[in-house]
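Chain naming here is simple, since letters A, B, ... match the order of the sequence lines and numbering starts at 1 in each.
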Number of protein chains: 2
Amino acid sequence: MALESFGTKGFDSVSLDDLAADLGITKQAILYHWSSKRALLDAVIDRAALELIIEFDGALSEDGSGWSRVESIVRRIFRVAMRRPELLGFIREISRIGGDASLRVTADLEPFVSRATTYFEREMDEGRIRRCDSGLLLVSAYSTVLGAATEVEVLRAVGIEPTLRSTVVRRRELLSFLHAAMVAPQALNAQAPR
Amino acid sequence: MALESFGTKGFDSVSLDDLAADLGITKQAILYHWSSKRALLDAVIDRAALELIIEFDGALSEDGSGWSRVESIVRRIFRVAMRRPELLGFIREISRIGGDASLRVTADLEPFVSRATTYFEREMDEGRIRRCDSGLLLVSAYSTVLGAATEVEVLRAVGIEPTLRSTVVRRRELLSFLHAAMVAPQALNAQAPR
DNA sequence: CGATTCACTTACCAAGTGGTAAGTTTTTGT
DNA sequence: ACAAAAACTTACCACTTGGTAAGTGAATCG
């Protein structure tokens, strides 16, 4: 699948010949279905965005509120990062390519982003999440989770081998990190920063 | 400079001819100094790691303790992300390339990582930072800051244009996020980010 | 049945790719 | 001053790139 190659090796590093060879067909068979490599990228973007939304959007509709739902999303992201690392890698690759590709993935994911920020806003209104800019909170949480889930090399640099067991530990630590960062302090005298 | 191109466009997307044209020389002038494109990459890795260490390592030696020093590092990362985005982008690119390149940057940055985790451990011992795995804390903080500083497309997706003013806001929000995540509850009384 | 459309493949192509070989200018050491 | 080494350039080369043109066998349709 093109998504896997683009996500792990990068768009420019994967030739149509490579892709075709993996699929056991010829490059021209690909160019028959998509008019150019760039058109193929657009199709892959749409597909990746769809899969991401399917993975995560459900968590926003789940029962439970406040922290428990955030926890649910984080667990899903970790699951995706473990089972489909190329999906998250692909989104990052698109960000780097920039231009039209970024606009496309942004547009594709807009409904999900919109739902997530709306959800955060409501939780803040009800005092279950520390008040702050919901968009920035989403970015912080996103990049924190994505980092812990995908920055394999960085993890290795701090002496953490990406084994299954360490992933469980990592997820627990991260949830604790996020919990501390996001959840509004209950104690009356404990003042939130800022 | 090769670092800039590799960091923004990706290693495979930048040809030696492109690089040479930017520098106003010929491709073979590059291949005279480095035996291959790959050898050039190694040199750029070493240089990038050196510059990163110069930028950040000083913050670990600064006066102040606990949160104030973390804040100092975050401010430095933001400064680098604003002024030299290609540097952080390059590190991410190396992670994606993987293999020997990753090992090299890991080895280059090891002294800094070592100092940072040691610092965290001490702060935890003295109760100024919430106790947790220091390596994972570093990764979480690293990816959170790097995300807020560099994930321009993601920020755009949540409706944040990367202007100078928004960066200041973003940094303040992020410091607040990190403060909540890292600082031990007991230490909340005295120091909160402005 | 025959024609047409579909889903390819084979055969190319011009423009690049990293890299080599050999020649040329510039700097350096004595 | 002059040779030698350094720092290039020009000229190539084999190979890969995305993309085009034309042909081919199988399915579909009237």
Side-chain angles (χ1 to χ4, degrees), chain A residues 1-50 86-87 89-105 108, chain B residues 1-50 86 89-105 108 153:
Chain A
M1 179 59 62
L3 206 166
E4 187 168 337
S5 296
F6 287 163
T8 55
K9 299 179 195 167
F11 181 66
D12 281 327
S13 308
V14 180
S15 71
L16 291 177
D17 283 309
D18 294 341
L19 236 41
D22 283 350
L23 295 167
I25 55 175
T26 62
K27 160 176 61 176
Q28 288 71 19
I30 298 174
L31 287 169
Y32 171 78
H33 292 283
W34 295 276
S35 60
S36 68
K37 194 187 180 185
R38 184 46 218 265
L40 170 64
L41 178 64
D42 282 346
V44 176
I45 289 175
D46 291 343
R47 166 133 195 172
L50 182 68
E86 78 283 359
L87 234 180
F90 180 70
I91 297 297
R92 200 154 256 179
E93 167 71 3
I94 295 304
S95 296
R96 219 209 42 208
I97 291 174
D100 295 344
S102 294
L103 294 180
R104 195 180 190 92
V105 76
D108 283 348
Chain B
M1 181 58 63
L3 206 166
E4 188 168 336
S5 295
F6 287 163
T8 55
K9 300 179 194 167
F11 181 66
D12 281 327
S13 308
V14 179
S15 71
L16 291 177
D17 282 309
D18 294 340
L19 235 43
D22 284 349
L23 296 167
I25 56 174
T26 62
K27 160 175 61 176
Q28 288 69 18
I30 297 174
L31 287 170
Y32 171 77
H33 292 284
W34 294 276
S35 59
S36 68
K37 193 186 180 186
R38 185 44 219 265
L40 169 64
L41 178 65
D42 282 347
V44 176
I45 289 174
D46 291 343
R47 167 132 195 175
L50 182 67
E86 79 282 359
F90 180 71
I91 297 297
R92 201 155 256 179
E93 168 70 4
I94 296 305
S95 295
R96 219 209 42 210
I97 292 174
D100 295 344
S102 294
L103 294 179
R104 195 180 189 92
V105 76
D108 283 349
E153 294 309 327

Applying salt bridge (Lys or Arg N to Asp or Glu O under 4.0 Å) as the test, list every pair that has at least one member in residues 10-19 of chain B; sequence neighbours left out. Asp17(B)-Lys27(B)

Note: chain B reaches DNA chain D at heavy-atom distances under 4.0 Å over the stretch, first to last nt, 5' to 3', of dA6(D) to dA11(D)

Start with the C-alpha gap between Ile30(A) and Ile25(A), add the side-chain angles, then the distance that decides, and say whether side chain to side chain contact (heavy atoms under 4.5 Å, CB included) holds. CA-CA 8 Å; Ile30(A) 298 174; Ile25(A) 55 175; 4.1 Å; yes

Need one value for Leu16(B): base, sugar-phosphate or nothing, where a base atom within 4.0 Å counts as base even if backbone is also close, heavy atoms only. sugar-phosphate

Given side chains that start at C-beta, do those of Ile94(B) and Leu41(B) come closer than 4.5 Å, heavy atoms only? yes

OP1 or OP2 of dC6(C) sitting under 4.0 Å from any side-chain N/O of His33(A)? no

Going by number, which of residues 20-28 of chain A have a non-hydrogen atom under 4.0 Å from DNA chain C? Ile25(A), Thr26(A), Gln28(A)

Residue met sooner reading DNA chain D from 5', once Ser13(A) and Ser35(A) are mapped to nucleotides: Ser13(A)

Can you see if the side chain of Tyr32(A) gets near the phosphate of dC8(C) - specifically, an N or O under 4.0 Å from OP1 or OP2? no

Pairs in or reaching into residues 3-38 of chain A: which pass ring pair (Phe, Tyr, Trp, His ring centres under 6.0 Å), with residues at least two apart or in two chains? Phe6(A)-Phe11(A)

Enumerate the salt bridge (Lys or Arg N to Asp or Glu O under 4.0 Å) contacts for residues 37-50 of chain B, please, sequence neighbours excluded, ordered by first and then second residue. Arg38(B)-Asp42(B), Asp42(B)-Arg104(B), Asp46(B)-Arg104(B), Arg47(B)-Glu51(B)

Which residues in residues 36-48 of chain B have at least one heavy atom lying under 4.0 Å from any atom of DNA chain C? Ser36(B), Lys37(B)

